[in-house]
Amino acid sequence: QVQLVESGGGSVQPGGSLRLSCAASGFTFSSFGMSWVRQAPGKGLEWVSGIAGDGGAKGYAVSVKDRFTISRQNAKNTLYLQMNSLKPGDTAVYFCAKNKFAWASGSSSRDDYDLWGQGTQVTVSS
């Protein structure tokens with residue numbers, strides 16, 4: 001079955017950390033770039049980070065750079081997002097998304113990805 005399943009979300013205080021995971025199945029994981037995209041309440045999709053299929057090239061949105069780290073374990077078909085120094089503005093549903101090619105775009109458009117997970121809620125509040 002072709003799917004992405006996120007986990008690791010939750011509630012945390014400002015300054016805290018969370019690690020999101022995305023388990024992929026049904027396709028050759030290492031052949032495709034992967035991205036994290038989030039959606040805050042009442043707002044549109046926002047690209048957070050992306051990583052190429054071989055794990056080489058990585059990119060981050062300015063709002064999360066130096067706080068979030070994207071990685072992948074192709075042997076385990078799993079994508080990760082380590083989130084440190086979390087802020088209330090990071091509160092959102094976080095989705096992992098499969099890119100259409102081996103590289104990862106910085107797009108926030110749903111049309112630029114061909115597979116999405118169900119999302120995991122991250123809430124940052126004191």
Under a single-linkage definition using a 4.5 Å side-chain heavy-atom cutoff for Ile, Leu, Val, Met, Phe, Trp and Tyr, are [X] and [Y] assigned to the same hydrophobic cluster?
X: V93; Y: V48; result: no
X: L79; Y: F95; result: no
X: V64; Y: L18; result: yes

Does V37 form a side-chain contact (heavy atoms from CB on, under 4.5 Å) with Y113? I'd like the steps, not just the answer. CA-CA 10 Å; V37 180; Y113 305 95; 4.2 Å; yes

Between the main-chain N or O of [Y] and the side-chain N or O of [X], is there a donor-acceptor pair closer than 3.5 Å?
X: S35; Y: A97; answer: no
X: S85; Y: G15; answer: no
X: D112; Y: S105; answer: no
X: T91; Y: G89; answer: no
X: T120; Y: S7; answer: no

Charged tip of R72 within 45° of F29 ring normal and under 6.0 Å: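 Yes - R72 lies over the ring of F29, closer than 6.0 Å to its centre and within 45° of its axis.
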
Over-ring placement of K98 relative to F32, 6.0 Å and 45° cut-offs: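 Yes, a cation-pi geometry.
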
Would you give the length of the straight line joining atom [atom1] of [X] to atom [atom2] of [Y], rounded to the nearest 0.5 angstrom?
X: R110; Y: Q39; atom1: CZ; atom2: CD; result: 7.0 Å
X: S63; Y: K87; atom1: OG; atom2: NZ; result: 8.0 Å
X: S71; Y: I51; atom1: OG; atom2: CD1; result: 6.0 Å
X: Q118; Y: C22; atom1: CD; atom2: SG; result: 8.5 Å

Residue pair Q3, L115: steps toward the side-chain contact (heavy atoms from CB on, under 4.5 Å) verdict: CA-CA 7 Å; Q3 64 178 2; L115 183 65; 5.7 Å; no

Between D66 and Y60, is any pair of side-chain heavy atoms under 4.5 Å apart?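 Side chain of D66 against side chain of Y60, heavy atoms only: no contact under 4.5 Å found.
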
Count the heavy atoms belonging to other residues, nucleotides or ligands that lie under 6.0 Å from NZ of K100, then report whether that count exceeds 12.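 Result for NZ/K100: enclosed.
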
Under 3.5 Å, is there a donor-acceptor pair between the [X] and [Y] side chains?
X: Y80; Y: Q73; result: yes
X: S30; Y: D54; result: no
X: S17; Y: N84; result: yes

W36 and side chain to side chain contact (heavy atoms under 4.5 Å, CB included): which partner among E46, M83, E6?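 Of all the options given, the one that passes is E6.
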
So F68 and Y94, would you call those rings parallel, tilted or perpendicular, with 30° and 60° as cut-offs?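 Answer is tilted, since the angle falls between 30° and 60°.
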
Shortest non-hydrogen contact from S21 to T78?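 What the structure gives for the nearest pair is CB-CG2, 4.4 Å.
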
